[in-house]
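Any value given below was found using the heavy atoms of this structure, including those in side chains, with hydrogens, waters and symmetry copies removed.
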Amino acid sequence: MTDPMQTLSQSIFKAYDIRGIVGKTLDASVARLIGQAFGSAVRAKGESVVVIGRDGRLSGPELANALAAGLQSTGVDVIDLGMVATPLVYFATNVLEAKSGIMVTGSHNPPDYNGFKMVLAGEAIYGDAIQALYQTIVHGQFASGDGRYRTHDIRDAYLQRISSDVKMVRPMKIAVDCGNGVAGAFAGDLYRAMGCEVIELFCEVDGTFPNHHPDPAHPENLQDLIRCLQETDAELGLAFDGDGDRLGVVTKDGQIIYPDRQLMLFAEEVLSRNPGAQILYDVKCTRHLAPWVAARGGKSMMWKTGHSLVKAKMRETGAPLGGEMSGHIFFKDRWYGFDDGLYAGARLLELLSRKDNPSTVLNALPQSTSTPELQLKLAEGENFTLIEKMQREARFPGADQVITIDGLRVEYPDGFGLARSSNTTPVIVMRFEAESEEALQRIQSEFKRVIQAAKPDAALPF
């Protein structure tokens with residue numbers, strides 16, 4: 001037996017979760033150590049029960065079993081939900097006797113990845129709290145005990161909780177693409193329970209992802225759904241990522257409604273019942289969002305990117321709604337405040353069922369010329385130092401405002417540019433939006449200038 005400590009790499013302990021490559025940086029022995037560390041943290045909080053679940057990846061069962069064994073060895077009782085979408089683990093920590101949970105998921109990463117998303121005593125952990133788990137393992141400071149293990153099927157309670165509260169005015173016919181991710185085991189049944197007729201695309205859970213990658217943030221993964229809407233009488237298309245916590249939306253005429261525009265519709269509806277409330281959104285979102293929220297009597301707050309960071313800020317501010325450009329939407333209104341693509345889809349259908357032509361409503365939402373996320377690939381760690389250097393030294397003449405809460409977001413009268421460091425991979429993520437193609441080119445060239453001043457050999461993606 002090799003010493004699992006020799007295979008443990010600190011690199012898998014990311015900003016919002018733990019993520020590695022199965023057989024290289026992640027295996028059963030590492031999963032057991034993570035269970036021991038997390039179980040010890042749970043015990044330190046005075047808690048004694050942890051919910052676990054896993055997505056549809058082939059490595060899931062082995063990793064989940066090892067994780068459970070590690071948790072039990074610290075005296076923690078384990079409730080195993082089996083194969084579920086990530087939101088069902090979050091749901092369980094709100095409705096079962098456990099306030100802590102771990103989801104074994106590789107999210108939208110390639111098939112050979114897997115990882116862990118964690119809720120500790122009701123809070124999504126990130127940053128230092130995740131690094132503390134690594135330190136617990138390094139020092140072997142584990143609680144010990146003999147926890148029990150049981151399985152629990154939460155599926156019906158979850159479907160019932162949503163379909164009993166979220167009501168459609170009229171039945172709709174929709175298409176749903178789950179990219180063979182675990183959301184496929186729930187999406188069709190949920191929307192049928194709400195009164196929809198559902199065309200299912202790639203809803204058989206298959207951890208090899210044989211059709212396309214389960215990541216609705218990238219247009220190439222939505223082409224099957226767009227084609228289905230052209231060829232059938234479905235009114236709307238919904239797409240989900242690999243573990244079901246992010247939503248993609250496509251209209252009848254093939255337009256992709258990115259999450260920052262979805263958030264406008266959700267904000268309008270939530271503000272109608274929570275006048276003056278605060279709406280949270282991340283630095284990647286459109287500049288049309290703040291004026292839209294203000295026009296409907298709400299207050300908007302821009303915050304850092306990262307599902308754990310947005311959840312923490314929502315708890316702090318009491319905001320009833322938050323959202324990220326990546327597709328994580330957080331409802332604290334009529335729901336529990338965690339990101340759930342399936343639930344966001346349900347709320348969207350409720351809204352759009354009041355309209356005769358949902359696509360017209362969606363396509364009418366304010367929109368500018370914009371780029372998808374562009375990536376500048378760098379050496380490990382270089383992304384952080386480069387952004388810090390630019391925050392110190394870069395100047396943007398003609399800009400209205402330079403926002404530095406997460407990288408550099410530079411606002412102009414006719415658009416914005418963003419460069420921020422990814423917290424999960426060694427890249428700088430960029431996004432641009434403007435009122436015209438010329439303005440977009442101008443803002444991009446400003447960013448090109450400051451990036452090349454800081455790093456002359458940068459291979460820019462534009």
Report yes or no: does [X] contribute a side-chain atom to a donor-acceptor pair with the main-chain N or O of [Y] at less than 3.5 Å?
X: Ser308; Y: Tyr126; result: no
X: Asp406; Y: Thr305; result: yes
X: Ser40; Y: Ala143; result: yes
X: Gln391; Y: Leu408; result: no
X: Glu382; Y: Pro426; result: no
X: His213; Y: His108; result: yes
X: Arg409; Y: Val283; result: yes
X: Glu324; Y: His307; result: yes
X: Tyr134; Y: Ser9; result: no

Give the minimum heavy-atom separation between [X] and [Y], together with the two atoms involved.
X: Met314; Y: Pro320; value: CE-C, 4.1 Å
X: Phe142; Y: Ala37; value: CE2-N, 3.7 Å
X: Gly244; Y: Pro87; value: O-CG, 3.3 Å
X: Ser422; Y: Phe384; value: O-CZ, 3.7 Å
X: Asn383; Y: Ser421; value: ND2-OG, 2.9 Å
X: Ala458; Y: Ile451; value: CB-CG2, 3.9 Å

Working to the nearest 0.5 Å, report the span between [atom1] of [X] and [atom2] of [Y].
X: Asn114; Y: Ser107; atom1: CG; atom2: OG; value: 10.5 Å
X: Phe116; Y: Ile125; atom1: CZ; atom2: CD1; value: 12.0 Å
X: Gln36; Y: Ser73; atom1: CD; atom2: OG; value: 4.0 Å
X: Cys178; Y: Leu342; atom1: SG; atom2: CG; value: 7.5 Å
X: Leu120; Y: Thr93; atom1: CG; atom2: OG1; value: 11.0 Å

query: When the ring planes of Phe338 and Tyr336 are compared, do they come out parallel, tilted or perpendicular, using 30° and 60° as the limits?
result: parallel
(request) For the residue pair Phe202 and His212, categorise the inter-ring angle as parallel (less than 30°), tilted (30 to 60°) or perpendicular (more than 60°). (result) perpendicular
Cationic N near anionic O, under 4.0 Å, [X] to [Y]:
X: Arg347; Y: Asp333; answer: yes
X: Asp260; Y: Arg431; answer: yes
X: Asp241; Y: Arg246; answer: yes
X: Lys45; Y: Glu123; answer: no
X: Asp17; Y: Arg19; answer: yes
X: Glu433; Y: Arg261; answer: no

Do [X] and [Y] have side chains that approach each other closer than 4.5 Å (heavy atoms only, starting at C-beta)?
X: Trp292; Y: Glu268; value: yes
X: Val22; Y: Glu62; value: no
X: Pro216; Y: Leu222; value: yes
X: Pro111; Y: Leu58; value: no
X: Tyr343; Y: Ile329; value: no
X: Leu349; Y: Val166; value: no
X: Val42; Y: Thr74; value: no
X: Trp335; Y: Arg161; value: yes

What do you reckon, is [atom1] of [X] surrounded by more than 12 foreign heavy atoms closer than 6.0 Å?
X: Lys304; atom1: NZ; answer: no
X: Arg148; atom1: CZ; answer: no
X: Lys377; atom1: NZ; answer: no
X: Lys99; atom1: NZ; answer: no
X: Glu197; atom1: CD; answer: no

How far apart are the C-alpha atoms of Asp206 and Thr208, what are their side-chain angles, what is the distance that settles it, and do they pass the side-chain hydrogen bond (donor to acceptor under 3.5 Å, both in side chains) test?
CA-CA 5 Å; Asp206 183 341; Thr208 65; 2.7 Å; yes
Should the pair Lys311 and Tyr90 be classed as cation-pi, given the thresholds of under 6.0 Å to the six-membered ring centre and 45° from the axis?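 Pair Lys311/Tyr90 counts as cation-pi.
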Do we see a donor-acceptor contact under 3.5 Å between the side chains of [X] and [Y]?
X: Asp224; Y: Asn211; value: no
X: Gln10; Y: Gln131; value: yes
X: Asp245; Y: Thr86; value: no
X: Ser368; Y: Ser370; value: no

Please walk me through it: do Leu67 and Leu71 pass side chain to side chain contact (heavy atoms under 4.5 Å, CB included)?
CA-CA 6 Å; Leu67 177 72; Leu71 289 164; 4.1 Å; yes
* **Trace of the side chain to side chain contact (heavy atoms under 4.5 Å, CB included) decision for Ile79 with Glu97** => CA-CA 10 Å; Ile79 303 174; Glu97 67 268 31; 3.8 Å; yes
- Query: Are Val198 and Ile174 close enough, and set up right, to give a side chain to side chain contact (heavy atoms under 4.5 Å, CB included), and what steps lead you there?
  - Reply: CA-CA 5 Å; Val198 183; Ile174 63 169; 4.2 Å; yes
**Q.** Worked verdict on Arg57 versus Asp55 for salt bridge (Lys or Arg N to Asp or Glu O under 4.0 Å)
**A.** CA-CA 6 Å; Arg57 285 166 189 266; Asp55 70 12; 3.3 Å; yes
(Q) Between Lys313 and Gln278, does the side chain to side chain contact (heavy atoms under 4.5 Å, CB included) criterion hold? Intermediate values first, please. (A) CA-CA 11 Å; Lys313 198 67 180 173; Gln278 192 162 49; over 6 Å; no
Between Phe432 and Phe462, does a ring-ring contact (aromatic ring centres under 6.0 Å, His included) hold up when you go through it step by step? CA-CA 11 Å; Phe432 301 91; Phe462 56 86; 5.2 Å; yes
Worksheet entry | Partner of Ser100 by side chain to side chain contact (heavy atoms under 4.5 Å, CB included), out of Val119, Ile52, Val50, Val76 |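 With Ser100 as partner, side chain to side chain contact (heavy atoms under 4.5 Å, CB included) holds for just one option, Val50.
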- Item | Stepwise ring-ring contact (aromatic ring centres under 6.0 Å, His included) test for Phe331 and Phe266 | CA-CA 9 Å; Phe331 283 94; Phe266 292 140; 5.0 Å; yes
